[in-house]
A.B. asks: 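First the structure, which I've put down as structure tokens, then a few questions once you've had a look.
We name chains A, B, ... by the order of the sequence lines, and we start the count at 1 in each one.
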Number of protein chains: 2
Amino acid sequence: MLTQASLPSNVIKARHAGADTGVGAIEMIGTMMSFARNAEIYGEGEEVEFLYKVISGTVRTYKVLADGRRQIGAFYLAGDLFGLEAGDDHSFSAEAVSDSKVLVIKRSAIFALAARNSDVARQLWNLTTRELRRMQSHIMLLIKSAHERVAGFLLEMADRSAASSEFDLPMSRQDIADYLGLTIETVSRTLTSLENAAAISIPSARRIVLRDRAALSALSG
Amino acid sequence: MLTQASLPSNVIKARHAGADTGVGAIEMIGTMMSFARNAEIYGEGEEVEFLYKVISGTVRTYKVLADGRRQIGAFYLAGDLFGLEAGDDHSFSAEAVSDSKVLVIKRSAIFALAARNSDVARQLWNLTTRELRRMQSHIMLLIKSAHERVAGFLLEMADRSAASSEFDLPMSRQDIADYLGLTIETVSRTLTSLENAAAISIPSARRIVLRDRAALSALSG
DNA sequence: CGTGATCTTGAGGGAATTCAATGTCGGTGG
DNA sequence: CCACCGACATTGAATTCCCTCAAGATCACG
């Protein structure tokens, strides 16, 4: 356990239920920070200094290619941990999709903790393997057709939301497009098409109701 | 499929230069096995029991969707480690692309070693982060155009080959297509087009000579 | 209400796929 | 030795899917 003296004055000792995410003690020490919509949390190329936990809101990680194309690597919802990357520097940038509260934990504190506490080490490992699985399913999405990608994305978001058959999309169509490797128009048209096929309904642009999960699953390849 | 019974009698204590791959002691104990072209090394859904090091030949990991589409997750060349996955079960299958020799190491032996030897633990971590980076760049490939994917793939293979400007492709066009999320025809056409553009030459189907690496880089997005 | 941002819809074109045929290479048996 | 065969690769033609460019529609917010 770290001593009070070793921490900045504004540290909050926040206690959260860790069982749901399986990460326990890691997030028990950190600083709460707020980020406005579209605010940068960290930038590509910066040193990896912190681990982050989304308390409220949504975060996206992304990379911009030389020609301006943007690829979104992941969306992180409330409860998700992010910021742990391969190597010492961030290969992605992170931004708040909507106004967000994020618990910021010093990486060095975690690694110090992990060295002495095998439970923490295992939690770090769990976090990493979860990230690996996430990337694998992202790859499986990206090889599919537009309909399959969008259907798969909706199912993923539904699984990650509390109420699994009805939820709000925190991100714009552009964000979804950049996550799925499609254009904004294709995303929009595909959503409309899924609605016409009675697989979903879209009471408002950001609200999704799953009407026929089986049809969506079949569509998602 | 491997059985535990096949291991004890013929264990080889193999010593390899570990500096190049940064994995040192991990591969010092294991069993050498040979796999014929297209032979299965492990199957999707099987328990993760071993870690593997390619000694010679090439290995592919892949997943087959319900409708028969195959996605190749990665190619592993001589010197590469593979088989370490998120979770207790393999989410991909692994096959020999060409006749291959593979060093098979018990997972439990490695983890036992890692528990006592922090150097081994760090090597395991390095292996994992390398896998994360590989997946990230795979994702970045998959959002691009066919020309960019193929150009990027060739550059990747060149970097991983000894002679970086001229090399043999161990895998078929179908393998490349399934790795890049394209059809075999598109891969073939794109290679021909790159040759016509004087970026590469293809003395034989499996042989690639990089003629204009700058052009390829530009093409690869 | 206006104004800008976001989203949807339409028309047309281009890129990749599909279906089909031909070409090439390595191995095997006559 | 070489002719044949099967596997692999290339090429062609037509189609489909997604993108681009463009115009409206809707929504959030001052």
A.B. asks: Find the distance A/Arg69:CZ to D/dC19:P and express it as a whole number of Å.
C.D. replies: 12 Å

A.B. asks: Specify the separation, in whole Å, of atom CG of B/Leu180 and atom P of C/dA16.
C.D. replies: 12 Å

A.B. asks: Check the phosphate of C/dT6 against A/Arg37, side-chain N and O only, distance under 4.0 Å to OP1 or OP2. Yes or no?
C.D. replies: yes

A.B. asks: Looking at OG1 of B/Thr128 and CD of B/Glu131, how far apart are the two atoms once the value is rounded to the nearest 0.5 Å?
C.D. replies: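 Going from OG1 on B/Thr128 over to CD on B/Glu131, the span is 8.0 Å.
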
A.B. asks: Once you round it to whole Å, what is the distance between P of C/dT9 and CZ of A/Arg173?
C.D. replies: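 Going from A/Arg173 (CZ) to C/dT9 (P), I get 10 Å.
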
A.B. asks: Give me the residues of residues 143-151 of chain A where at least one heavy atom lies under 4.0 Å from an atom of DNA chain D, by number, or none.
C.D. replies: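 The stretch gives A/Ser145, A/Ala146 as the residues lying under 4.0 Å from the strand, ordered by number.
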
A.B. asks: Is a salt bridge present between B/Glu185 and B/Arg173, judged by a nitrogen-to-oxygen distance below 4.0 Å?
C.D. replies: no

A.B. asks: Could you check which residues of residues 181-200 of chain B get a heavy atom under 4.0 Å from DNA chain C? Sort them by number, please.
C.D. replies: B/Gly181, B/Leu182, B/Thr183, B/Glu185, B/Thr186, B/Arg189

A.B. asks: Taking the six-membered ring where the residue is Trp, are the ring centres of A/Tyr52 and A/Tyr42 under 6.0 Å apart?
C.D. replies: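 Yes, ring centres under 6.0 Å apart.
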
A.B. asks: Is B/Glu156 paired with B/Arg160 through a side-chain N to carboxylate O contact shorter than 4.0 Å?
C.D. replies: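 Counted as a salt bridge, because a side-chain N and a carboxylate O are separated by less than 4.0 Å.
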
A.B. asks: Counting just side-chain N and O atoms, does B/Arg206 come under 4.0 Å of either OP1 or OP2 of D/dA9?
C.D. replies: yes

A.B. asks: Would you please classify the geometry between the B/Tyr179 ring and the B/Phe75 ring as parallel, tilted or perpendicular, with 30° and 60° separating the classes?
C.D. replies: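 Answer is tilted, since the angle falls between 30° and 60°.
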
A.B. asks: Calculate the interatomic distance between B/Asp99 atom CG and C/dG27 atom P; express it in whole Å.
C.D. replies: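 Rounded to whole Å, this separation is 12 Å.
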
A.B. asks: Applying the side-chain hydrogen bond (donor to acceptor under 3.5 Å, both in side chains) criterion to B/His90, which one of B/Glu44, B/Glu85, B/Glu47 satisfies it?
C.D. replies: B/Glu85

A.B. asks: For A/Ile202 and D/dC27, what is the distance between atoms CD1 and C1' respectively, to the nearest whole Å?
C.D. replies: 15 Å

A.B. asks: For A/Asp88, is there an ion pair with A/Arg107 - N to carboxylate O distance below 4.0 angstrom?
C.D. replies: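 Yes, charged N to carboxylate O under 4.0 Å.
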
A.B. asks: Minimum heavy-atom separation for B/Gly83 to B/Val48, with atom names?
C.D. replies: O-CG1, 3.8 Å

A.B. asks: To the nearest Å, how far apart are B/Asp168 CG and C/dG26 C1'?
C.D. replies: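 The distance from CG of B/Asp168 to C1' of C/dG26 comes to 15 Å, rounded to the nearest Å.
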
A.B. asks: Rounded to whole Å, please give me the gap between CG in A/Leu219 and P in D/dC17.
C.D. replies: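 Going from CG in A/Leu219 over to P in D/dC17 covers 13 Å.
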
A.B. asks: Give me the one residue out of A/Arg70, A/Arg60, A/Gln71 that meets side-chain hydrogen bond (donor to acceptor under 3.5 Å, both in side chains) with A/Asp178.
C.D. replies: A/Arg70

A.B. asks: Round to a whole Å and report the spacing from CZ of B/Arg207 to P of D/dA9.
C.D. replies: 16 Å

